[in-house]
Number of protein chains: 2
Amino acid sequence: MIHADATDAPDPGPRRTTKQREAVRAALASSEEFVSAQALHQSMRQAGSTVGLATVYRALATLAEDGEADALQSGGEALYRACSPSHHHHLICRRCGRTVELEAAAVERWAGQVAAAHGFVEPEHVVDIFGVCASCAVAR
Amino acid sequence: MIHADATDAPDPGPRRTTKQREAVRAALASSEEFVSAQALHQSMRQAGSTVGLATVYRALATLAEDGEADALQSGGEALYRACSPSHHHHLICRRCGRTVELEAAAVERWAGQVAAAHGFVEPEHVVDIFGVCASCAVAR
DNA sequence: CCGCTGTTGAGAACGATTGTCAATCGCATG
DNA sequence: CATGCGATTGACAATCGTTCTCAACAGCGG
């Protein structure tokens, strides 16, 4: 209920290379911002693809699982974005979705220490900053 | 799509004191952990209340809006918890849901500075740590 | 006590996501 | 290169959390 355990999926399983998954990967890579599965599906269809919605959902799930994409929940829907493989956080414009990847060793350390201090193990953390980027700010 | 703007709801509006909203507030206060609207509704019904599900949703939304409850998304559903009015973050057990409120002035400062450094204004941040608490860890 | 409104409960409606299942395709193998 | 197993796909139905609708109801200021 609270949170799925990462150890519940020990087996990434076989993973075939298909046109569809590659197409989703490419479409995702072509977007600088976080996009929803539905939006990605629509833009792929408009670009001539015949990929199915369910396939887009499945592909995004596996990409996120494999660490090739970051996922976040916003406004009741899941948003995805191609991202660098190393651990990082995000600074996201809540108007246009423009995203900056952040490294923050100090925050990592803090999270680990706080968890340990309270007897918690296997700490994971969610750290995202939302704001209005410079260009959106002037456009008001 | 990305994130609702806090300034979109400038008017908290009048807010009447009703038995139902008080009941929801009380039910929420009686839980140490984050609970879903559905779970809260069920426990209230089992306790003899005849409150409607929609009302629970509405009450939780207003409580969160008024800063009397914290909300977070987990596993595709919204979870709520009565919380102290001051700004804080959470350390949450992903097995039992036990929650510790955290103060972290350093993180607040960091978030503000990072946002400013990238030209972002009106920064808000989401910082939560998930882990397995001591008692759940030994129970394995 | 009245009346104006915000609120409620039941159920329908909704939208995002996932499940189902037969057809298809990747890929290792012979 | 032909073959076969099984993962993957696409269309569609189903599910699930949440919100909407609307008539009945209940705070609360006067």
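Everything numeric in this text was worked out from a predicted model, so none of it was measured. Residue numbers begin at 1 in each chain, while the letters A, B, ... track the order of the sequences.
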[atom1] of [X] versus [atom2] of [N]: gap in Å, rounded?
X       : N      : atom1 : atom2 : answer
B:Glu77 : C:dT18 : CD    : C1'   : 15 Å
B:Gln73 : C:dT17 : CD    : C1'   : 14 Å
B:Glu22 : D:dA26 : CD    : C1'   : 15 Å
B:Arg21 : C:dG9  : CZ    : P     : 11 Å
B:Leu60 : D:dG17 : CG    : P     : 15 Å
A:Met44 : D:dG10 : CE    : C1'   : 13 Å
B:His41 : C:dA10 : NE2   : C1'   : 10 Å
B:Arg45 : C:dT8  : CZ    : C1'   : 12 Å

[X] side-chain proximity, nearest of [options]:
X       : options                : result
A:Ala54 : C:dG19, C:dT17, C:dT7  : C:dG19
B:Ala78 : D:dG10, D:dT18, C:dT17 : D:dT18
B:Leu53 : C:dA16, D:dT18, C:dT8  : D:dT18
B:Thr55 : C:dT17, D:dA11, C:dT8  : C:dT8
B:Ala37 : D:dT9, C:dT7, D:dT18   : D:dT18

Task: Straight-line distance of B:Leu28 CG to B:Cys83 SG, nearest 0.5 Å - done: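 Reported to 0.5 Å precision, the distance equals 8.5 Å.
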Open item on the list: Does B:Arg16 contact C:dT5 through a side-chain donor or acceptor facing the base, at a distance under 3.5 Å?
Closed with: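 Such a pair is found, so the answer is yes.
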Open item on the list: With a 3.5 Å cut-off and heavy atoms only, can you find an N or O donor on one side and an acceptor on the other between the side chain of A:Arg58 and the base of C:dG19?
Closed with: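 Flag unset: no donor-acceptor pair detected.
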Task: Salt bridge B:Glu22-B:Lys19, side-chain N to carboxylate O under 4.0 Å - done: no
Report yes if a side-chain nitrogen or oxygen of [X] is closer than 4.0 Å to either non-bridging phosphate oxygen (OP1 or OP2) of [N]; otherwise report no.
X       : N      : value
A:Thr18 : D:dT9  : yes
B:Gln20 : C:dT7  : no
A:Thr17 : C:dG26 : no
A:Lys19 : D:dT8  : no
A:Tyr57 : C:dT18 : no

TODO: Assert yes or no for the condition that the ring centre distance of B:His90 to B:Phe34 is strictly below 6.0 Å.
DONE: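 Ring centres of B:Phe34 and B:His90 closer than 6.0 Å.
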TODO: Verify the ring-centre separation between B:His87 and B:His125: is it less than 6.0 angstrom?
DONE: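 Yes, the ring centres sit under 6.0 Å apart.
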Task: Between B:Thr50 and B:Arg45: side-chain donor-acceptor atoms closer than 3.5 Å - done: no
